[in-house]
> 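Sharing a structure below in structure tokens format, with a few things to ask.
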Amino acid sequence: MNEFILVRVVVKIMVPFILLFALYVQMHGDYGPGGGFQAGVVFATGIIVYTIVFGIRRAVEAVPMSAVMGMVCCGLILYAGTGFATMALGGEYLNYSVLDSADPAHGQHVGIIIIELGVGITVAGVLTAVFLVFAERRARR
Amino acid sequence: MNAVEFVMGHALQWGSVALLMIGLYIVMTRGNLIKKVAGLNIFQGGVFLFYISIANVRDGTAPIVHEDAVLYSNPLPHVLILTAIVVAVATTSLALALIVRIRESYGSIEEDEMAEADMG
Amino acid sequence: MTDEFSIFGLVLLLIVLALAVVRLTSLLAVAILAGAMSFILAAVYTLLDAVDVAFTEAVVGAGISLALMLAAISLTTREEAPWRRRPAERILALLVSLVSGAGLLYATLDMPLLGDPTAPATLHVAARYIAESPASTGVPNMVTAILASYRGFDTLGEVAVIFTAGVGVIALLRHWREDRA
């Protein structure tokens, strides 16, 4: 898509805002529609649009494959690790109330934010990785 | 209960059954693997629509706390379908990756051509 | 009432698009129609008060699914081969889907009507979630609260499924050998 200058300019302006919107959806998921699943997908969409317009070479320069695979693992580890952390603090697995001994409801809120972050990182990583390996395969034809 | 209420109350369920039937028909009759995946997605759409129709409550609002709201729709089916949609796209991507590999080793993604290649 | 009529209109449109997918042989058109169906489904979910689900369906179905379908089509083929099934097989498939559809239609006659506030699904556990979840978690969005806290194990399983699918795709499609060289 190198010949479409309008598309290139518009996408260059849009991508940072798409990624910012993903962070907004992630953090505002407690108060409005949104959450980790949606934020991860929006984040991946931003990188996919960049890949489609600027090509796989520049995309993997900006988002190296190893970093994406790290995201895939880190999200799941963060989620499962929170469960072990609550166990270490004396609660059941994934019982977030123990995260704040003074106020169980606040502990729940903190736990939900961490969990949603784990979900968002894994979903963003998986969907980005999937599109990047498809695009890499196409580029090596 | 009169006939109009009966039809209005069940029409959405019938619509999701229709989507399910069309998806099933595509999966059974088409030999092209990508078309089969598209059929499975229509099938899934029917199931999701059915679940969300169960969650709806008349005069209710979206399940986000709001001081003017009296009735909320049932949040549990929303949670189930929300995660199901994302899992569906992950499994679809796995299916598409398998299809790409099948194309590379058989040179085709049509079922009958693959069967011919297997026969030798 | 107007809400219900717009829902039925959109669902009718969905069925027409699904029938178009049956007839079309261009996979590119099929992928784009699938994206359009996702947008219509998202509109239906919004009208049914499922805003979180609508958001997910819009970004997943029309965004990611379409991009992945197009990527797969560009790596395989654009056109479906002409139909080679025997008519008897087609009729059998039509019969199977009609019979299973008729069974489901018969089952829906016992279902509560759309939006019935006394339906069993809205009476038992849902009432407790709505009454308790905002206070006990401090999160106003009940869907997020149930997803992450009440059904935390379920969501952990879903994330593990997504993780496994992603690892599977990477294992299937990545050129490992050239990377090492």
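Order of the sequence lines sets the chain letters (A, B, ...), proteins ahead of strands, with each chain counted from 1.
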> Between CD1 of A:I112 and OH of C:Y150, what distance do you get to the nearest 0.5 Å?
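Taking CD1 in A:I112 and OH in C:Y150, the distance rounds to 9.0 Å.
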> Is the closest side-chain heavy-atom distance between A:H109 and C:T137 below 4.5 Å?
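Side-chain contact under 4.5 Å: no.
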> Once you round to the nearest 0.5 Å, how far does CE of A:M65 lie from CD1 of C:I170?
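Rounded to the nearest 0.5 Å, the CE-CD1 separation comes out at 5.0 Å.
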> Checking A:Y93 side chain against C:F153 main chain: does a donor-acceptor pair fall under 3.5 Å?
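Answer holds: no.
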> May I ask you to decide if C:A160's main-chain N or O and A:Y79's side chain share a donor-acceptor pair within less than 3.5 Å?
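Looks like no, no N/O pair under 3.5 Å.
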> Count the heavy atoms of every other residue, nucleotide or ligand shown that sit under 6.0 Å from CG of C:L109, and state whether that count exceeds 12.
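For C:L109, atom CG is crowded (more than 12 foreign heavy atoms under 6.0 Å).
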> Side chains of C:T56 and A:V41: closer than 4.5 Å at any heavy-atom pair?
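Counting from C-beta outward, C:T56 and A:V41 never come under 4.5 Å.
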> Report yes or no: does C:D52 contribute a side-chain atom to a donor-acceptor pair with the main-chain N or O of A:P33 at less than 3.5 Å?
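No; zero donor-acceptor contacts below 3.5 Å.
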> Which residue out of A:G32, A:P104, A:A44 racks up the most heavy-atom pairs below 4.5 Å with chain C?
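Heavy-atom pair counts peak at A:G32.
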> Flag yes if more than 12 heavy atoms outside C:F8 fall under 6.0 Å of its CZ atom; otherwise flag no.
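Yes.
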> I'd like to know if the side chain of A:R138 reaches the main chain of C:S74, judged simply by a donor and an acceptor atom lying under 3.5 Å from each other, with no hydrogens or angles considered.
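Between the backbone of C:S74 and the side chain of A:R138 there is a qualifying donor-acceptor contact (under 3.5 Å).
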> Roughly how far, to the nearest 0.5 Å, is the OG atom of C:S149 from the CG atom of A:N95?
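Separation between the atoms: 7.5 Å.
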> Would you give the length of the straight line joining atom CZ of A:F134 to atom CG of C:L75, rounded to the nearest 0.5 angstrom?
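Output value for this atom pair is 7.0 Å.
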> Checking heavy atoms, do the side chain of C:V143, its backbone, both or neither come under 4.5 Å from chain A?
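Nothing of C:V143, per the 4.5 Å heavy-atom cut-off to chain A.
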> A:G35, A:A129, A:G34: which one forms the most heavy-atom pairs within less than 4.5 Å of chain C?
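Looking at each of A:G35, A:A129, A:G34 in turn, A:G34 comes out on top.
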> If you round to the nearest 0.5 Å, how far is CG of C:L173 from CG of A:L132?
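Between atom CG of A:L132 and atom CG of C:L173 there are 12.0 Å.
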> Is there a side-chain contact between A:F37 and C:T155 in this structure, where contact means two heavy atoms from C-beta onward sitting under 4.5 Å apart?
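A side-chain contact under 4.5 Å exists here.
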> Between C:S136 and chain A, which part of the residue has a heavy atom less than 4.5 Å away: side chain, backbone, both or neither?
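Only the backbone of C:S136 comes within 4.5 Å of chain A.
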> Which pair of non-hydrogen atoms, one from C:F163 and one from A:V126, has the smallest distance, and what is that distance?
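In this case the closest contact between C:F163 and A:V126 is CA-CG2, 4.2 Å.
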> Do you know which of C:A135, C:P140, C:G166 has the most heavy-atom pairs with chain A at a distance under 4.5 angstrom?
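Option with the top pair count is C:P140.
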> With a 4.5 angstrom heavy-atom cut-off, which part of C:A54 approaches chain A: side chain, backbone, both or neither?
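Neither; nothing under 4.5 Å.
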> Rounded to the nearest 0.5 Å, how far apart are CD1 of C:I162 and CG of A:L127?
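These two atoms lie 7.5 Å from each other.
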> How would you list, in number order, the residues of residues 62-71 of chain C that have a heavy atom less than 4.5 Å from chain A?
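Expected list: C:I64, C:A67, C:L68, C:A71.
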> So does A:R58 have more than 12 non-hydrogen atoms from other groups sitting under 6.0 Å from CZ?
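Counting other residues, nucleotides and ligands, CZ of A:R58 exceeds 12 neighbours.
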> Just so I know, are the side chains of A:R137 and C:R174 near enough to count as touching, which here means a heavy-atom distance under 4.5 Å?
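No, every pair of side-chain atoms sits at 4.5 Å or beyond.
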> Please report the C-alpha distance between C:L156 and A:L76 in whole Å, then the side-chain angles of each, then the deciding distance to 0.1 Å, and finally whether the side chain to side chain contact (heavy atoms under 4.5 Å, CB included) criterion is met.
CA-CA 8 Å; C:L156 178 61; A:L76 188 59; 4.2 Å; yes
> Spell out, as yes or no, whether a donor-acceptor pair under 3.5 Å connects the side chain of A:D30 to the backbone of C:V139.
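Side chain of A:D30 to backbone of C:V139: no pair is present.
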> Evaluate the side chain to side chain contact (heavy atoms under 4.5 Å, CB included) criterion for residues A:V25 and C:F55: first the C-alpha distance (whole Å), next the side-chain angles of each, then the deciding distance (0.1 Å), finally the verdict.
CA-CA 10 Å; A:V25 171; C:F55 189 2; 3.7 Å; yes
